[in-house]
Every structure is written in C-alpha cells, then in structure tokens.
Amino acid sequence: QKEVEQDPGPLSVPEGAIVSLNCTYSNSAFQYFMWYRQYSRKGPELLMYTYSSGNKEDGRFTAQVDKSSKYISLFIRDSQPSDSATYLCAMSAYPNTDKLIFGTGTRLQVFP
Amino acid sequence: ETGVTQSPTHLIKTRGQQVTLRCSSQSGHNTVSWYQQALGQGPQFIFQYYREEENGRGNFPPRFSGLQFPNYSSELNVNALELDDSALYLCASSSGQGAYMNTEAFFGQGTRLTVV
C-alpha cells in the first residue's frame, strides 16, 4: 500500500465548475501538506501549503486537511481552462520536512 | 519561473552507461533535493544535500549518487543505467533544513532521461 493515495483521473469539467481533488494517506506522522500544480513538461509549482489540520484559502483555491480521517482536499472555484494541469498532493513529517512524499497526481482538464 | 535551473533538458543514454545531471539552486538556497518522476507517477525522493553533505536518502540503490558544491549547485550521477531509470529527474532547492519550517522549495523544470 502506498503512503499517499491519489486518484489519477483524468477529471474533465466545464469552465466555471468547482473542482474537488483529494488524497488519502496512511502515515499519521505527516504534519505538512502541500498541493503542487504541474503543467506538461514543467516542474511542479507550489500552490498551497498547510501545517497540521484546518483550512487555508488563497484566491480561488482552498486546501483542507482532516488528520483524523487522514484525508486532504484541494478545491478550485470558478475553474478556468488555464487550470488544466496535473495536481500533485505531497506530505512530509518532522524532522525531514522537506523530504516530500507525493501522490501520483490527478490530471485535470477544464474545457471552455 | 523559479530560479532553479537544470541541465540538460533532455538526454538519451544506452543501458549500462553513466549519466550526470546538473542543478543550479535558487540564490540564497543551501539545500537541494532530487526526485525521480516516472511517467504517470508522482515524484519519488532520491536524496537531499544540505551544505555539501547528504542529508537523507530515499529508497534508491547506491548507483544513484550525488554531490553538492560550495555554491550549492548539485549533481546527480547514475551508474549502470537501466531501462527503468527512464524518467523526469527534478531538483528542488530550499533554504535551510526542513524547508517547510522556513520557506518553500522551488522545483526546476527537470531533465528528461531516456534509457534505450
């Protein structure tokens, strides 16, 4: 069993839709939770970072962490065609907080 | 665009050969981590260098080795290449140990290695 599970998709939605992306994990030591966006042939770009449980909002993006359920989510409101990319969740634990454990990534396509 | 640059961008090697990939970290960053991303998969942590010392290693064999230089740039070396080594190799630079305690890690665009 992988430490981090993520549905690979693809997920196809119309422009303006609310997108929900999710990951589950098995290691209860994870405390740092990240969402990266990766465009084709590019390196991952950090979108959101959350420490421990709770919600965090940044513009159209909201990250949620539920440590009791070992479940994290990324919501994208008013999705745009430019949001079409692969979304990777990543996690880490103290003391190696920058040793990131990634999910497989979910490919998202937003069509006009 | 981040300040992390990787070279070369693409590379084709033959099974059994050796390869060296290079990464220039962002200005002010002293930590470089290397990841392997196979097609359709998330990145897998290979190892990390902090101030020229290896600081953590993932589940990769010893034929994967690295170096970090005084200017904090880094090399990833892979010996005795196998077909399964074909992947996108990513480096990420950050400031200090425990990047997410201080600042985020920035990824380069990657080197796509094909082993034939």
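Residue numbers start from 1 in every chain, and the chains themselves are labelled A, B, ... in the order their sequence lines are given, proteins ahead of strands.
For residues 70-82 of chain B, a heavy-atom distance under 4.5 Å to chain A picks out no residue at all.
Heavy atoms of A/Gln38 lying under 4.5 Å from chain B belong exclusively to its side chain. Neither the backbone nor the side chain of B/Gln6 comes within less than 4.5 Å of any heavy atom of chain A. Heavy-atom distances place no part of A/Arg107 under 4.5 Å from chain B, backbone and side chain included. For chain A, no part of B/Phe47 is nearby; none of its heavy atoms comes within less than 4.5 Å.
Ranked by heavy-atom pairs under 4.5 Å with chain B, the first of A/Ala90, A/Gly43, A/Gly103 is A/Gly43.
B/Pro43 is not listed as a side-chain neighbour of A/Leu100, based on a closest heavy-atom distance of 4.5 Å or more.
In this structure a side-chain-to-backbone donor-acceptor pair under 3.5 Å is present from A/Arg77 to A/Gly59.
Using cut-offs of 30° and 60° on the angle between ring planes, the pair A/Phe102 and B/Tyr35 is perpendicular.
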- Message: Under the criterion side chain to side chain contact (heavy atoms under 4.5 Å, CB included), I'd like the reasoning laid out for B/Phe64 against B/Trp34: C-alpha separation, chi angles, the key distance, then a yes or no.
- Response: CA-CA 10 Å; B/Phe64 286 79; B/Trp34 286 92; over 6 Å; no

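When each of B/Ser93, B/Ser94, B/Ser95 is checked for a side-chain hydrogen bond (donor to acceptor under 3.5 Å, both in side chains) with B/His29, only B/Ser93 meets the rule. Shown are A/Asp66, A/Asn22, A/Thr24; of these, the side-chain hydrogen bond (donor to acceptor under 3.5 Å, both in side chains) with A/Tyr71 is made only by A/Asn22.
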